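Order of listing sets the numbers, starting from 1, for every ligand and every atom in it. Excluded from the calculations below are hydrogen atoms, water molecules and symmetry mates; all remaining heavy atoms, backbone and side chain alike, are included. The first residue in the sequence is number 1, and the count goes up from there. Given the structure is predicted, the values throughout are model-derived calculations rather than measurements.
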Amino acid sequence: MDYNPTTSRATSVEADAAARHQHQSPAAAVDWSITFWGTGDSMGVPRVYCACEVCEEARRSGVNRRYRSSVLLERGEDKLLIDCGPDWTGQMERAGIFWLDELLITHAHQDHIAGLTSYADACRWLKRKGRVITPTEVSDTIRMMYPWLERFVTFQSIEEPWRWHEWSIRPIRVNHGKNGYAYAYRFDRVNDDESAAGSGRRQAYPNDSANPGLRSWVYASDAIGLGEEELRWFQELDLLILGTNFYHEQAEYSTRSVYDMVEAFRLIEDIQPQQVVFTHMSHDIDLRHSYPLLPQVTLARTGMRIGR
Ligand SMILES: O=c1ccn([C@@H]2O[C@H](COP(=O)(O)O)[C@@H](O)[C@H]2O)c(=O)[nH]1
């Protein structure tokens with residue numbers, strides 16, 4: 001995986017947008033990439049009213065400014081956004097993206113879905129029907145919360161591994177602590193020549209075996225205390241994107257809902273992913289500090305991009 005966290009900063013999203021505006025051909029475009037549109041916990045950073053050092057820095061210079069967690073998987077015009085929280089409109093504008101056909105949703109909490117109302121407005125404005133992909137238990141809740149959404153979006157249920165372009169996407173129901181359950185998604189790249197040949201993309205997106213890019217990765221923004229059943233799907237990963245709200249959270253375990261970094265280290269030692277990116281971070285985390293981390297771990301930054 002070609003991943004350079006030192007160069008993948010906020011500007012990469014704008015750089016992508018600029019490249020698109022210069023009519024870069026698909027052949028010149030690269031392979032699949034993941035861009036962090038949001039890396040914050042449910043409250044984002046800065047938190048409303050909070051005058052802590054991290055929140056003040058986020059207001060001033062913005063290293064710690066974290067929008068609600070969301071990542072974009074893309075290759076050229078193929079784009080899949082995971083989660084659509086309350087910062088969605090600004091995230092679209094910062095990325096220079098006008099429209100997304102498809103959204104994949106992890107769970108029906110406001111920090112992951114509150115942008116769906118704006119997405120529905122975009123659908124209405126453009127007279128296009130969007131697609132919201134999520135397990136039925138999640139779409140049932142979303143329908144109850146926003147009954148009018150279905151006029152503008154189609155809900156597509158994902159219960160089993162589901163094919164999206166070259167990816168097999170597996171929903172994994174994960175423990176979300178005091179908040180019940182959320183879904184993580186495992187992405188496995190299906191290396192069948194048919195899809196590349198059939199789509200005429202084989203030349204445009206060569207599969208360089210010396211540098212295979214993203215192959216198997218999991219996005220688990222909202223999980224804690226995962227057990228054997230869930231962790232079956234967390235094996236042999238070249239990338240794990242894991243939510244960690246705090247470095248070492250002091251709150252009583254029964255009141256918590258997301259891993260902290262110290263717990264995550266134990267998880268990583270157990271499942272041994274090649275690379276790990278922590279996301280869904282609260283104002284407890286100051287990106288100006290250097291934390292004791294495992295060597296394969298990086299802290300996500302707004303706009304950070306992974307892949308070629
Ligand atoms: O039923 C619920 C419960 C909570 N929420 C919102 O989700 C987040 C919870 O944050 P975590 O960091 O994942 O614990 C918070 O914004 C709650 O308001 C919800 O929407 N529905």
Side-chain angles (χ1 to χ4, degrees), residues 36-50 52 54-55 58 64-71 81-91 103-120 132 134-149 153 155 171-185 218-226 230 240-264 267 277-287 299-300 302:
F36 288 81
W37 280 19
T39 63
D41 73 345
S42 58
M43 303 187 70
V45 183
R47 282 190 180 187
V48 67
Y49 309 134
C50 183
C52 79
V54 174
C55 288
N64 283 298
R65 179 172 286 274
R66 296 195 266 283
Y67 304 104
R68 280 17 172 262
S69 286
S70 177
V71 295
L81 185 69
I82 307 183
D83 284 336
C84 184
D87 301 315
W88 178 78
T89 304
Q91 289 169 322
L103 309 176
L104 179 65
I105 300 293
T106 58
H107 61 306
H109 284 176
Q110 295 294 357
D111 50 327
H112 297 262
I113 60 165
L116 288 176
T117 54
S118 300
Y119 182 61
V132 175
T134 196
T136 305
E137 72 167 320
V138 178
S139 57
D140 284 350
T141 308
I142 296 173
R143 279 194 185 91
M144 265 189 315
M145 293 162 85
Y146 308 116
W148 72 97
L149 270 191
V153 308
F155 286 100
I172 311 163
R173 194 169 192 260
V174 291
N175 180 24
H176 191 11
K178 73 158 192 310
N179 283 336
Y181 292 90
Y183 282 82
Y185 291 103
V218 163
Y219 184 79
S221 59
D222 292 62
I224 189 167
L226 296 182
E230 296 137 316
L240 170 64
I241 301 173
L242 184 71
T244 53
N245 282 9
F246 291 80
Y247 187 81
H248 191 17
E249 191 169 357
Q250 300 303 317
E252 155 69 33
Y253 189 80
S254 62
T255 67
R256 295 180 42 214
S257 55
V258 174
Y259 275 103
D260 69 24
M261 293 185 188
V262 171
E263 293 161 338
L267 173 70
V277 178
F278 289 158
T279 188
H280 204 280
M281 295 173 291
S282 73
H283 65 167
D284 178 59
I285 305 301
D286 188 340
L287 291 175
L299 305 187
T302 308

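- Among protein heavy atoms, atom 14 (O) of ligand 1 sits closest to Ser257 OG, 2.4 Å.
- At least one N or O atom of Gln110, backbone or side chain, sits closer than 3.5 Å to an N or O atom of ligand 1.
- Counted by atom type alone, His109 and Asp222 present zero donor-acceptor pairs between their side chains at under 3.5 Å.
- At least one N or O atom of Asn179 sits closer than 3.5 Å to an N or O atom of ligand 1.
- Taking 4.0 Å as the cut-off, Met43 does not count as a neighbour of ligand 1 on heavy-atom distance.
- Every atom of ligand 1 with a heavy atom of Lys178 under 4.0 Å away is listed here by number and element: 14 (O).
- Within the 4.0 Å heavy-atom shell around ligand 1 one finds His280.
- Against a heavy-atom cut-off of under 4.0 Å, Asn245 is close to the following atoms of ligand 1: 12 (O).
- The distance between the ring centers of Tyr67 and Trp37 does not fall below 6.0 angstrom.
- Listed for the Asp260 side chain is no donor-acceptor partner under 3.5 Å among the backbone atoms of Phe246.
- Residue His176 places a heavy atom under 4.0 Å from ligand 1.
- Shown in contact with Asp222 at under 4.0 Å from a heavy atom are these atoms of ligand 1, numbered in order with element: 13 (O).
- Ranking the protein heavy atoms by distance from atom 1 (O) of ligand 1 puts His109 NE2, 3.7 Å first.
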Before giving the answer on salt bridge (Lys or Arg N to Asp or Glu O under 4.0 Å), spell out for Arg68 and Asp111 the whole-Å C-alpha distance, their side-chain angles and the decisive distance to 0.1 Å.
-> CA-CA 6 Å; Arg68 280 17 172 262; Asp111 50 327; over 6 Å; no

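- Met281 and Thr244 make their closest contact through CG-O, 3.4 Å (heavy atoms, listed as atom of the first residue, atom of the second, distance).
- Residue contact annotation: Asp111 has a non-hydrogen atom under 4.0 Å from ligand 1.
- Distance remark: protein heavy atom not present below 4.0 angstrom from atom 18 (O) of ligand 1.
- Within the 3.5 Å criterion, the main-chain N or O of Ala114 finds a donor-acceptor partner in the side chain of Thr117.
- Panel note: side chain Asp284, backbone Asn245; no donor-acceptor pair is recorded below 3.5 Å.
- By the 30° and 60° cut-offs, the orientation of the rings of His176 relative to His107 is perpendicular.
- When only non-hydrogen protein atoms are considered, atom 16 (O) of ligand 1 lies nearest to Ser42 CB, 3.4 Å.
- Around the OH atom of Tyr181, the shell of radius 6.0 Å holds no more than 12 heavy atoms that belong to other residues, nucleotides or ligands.
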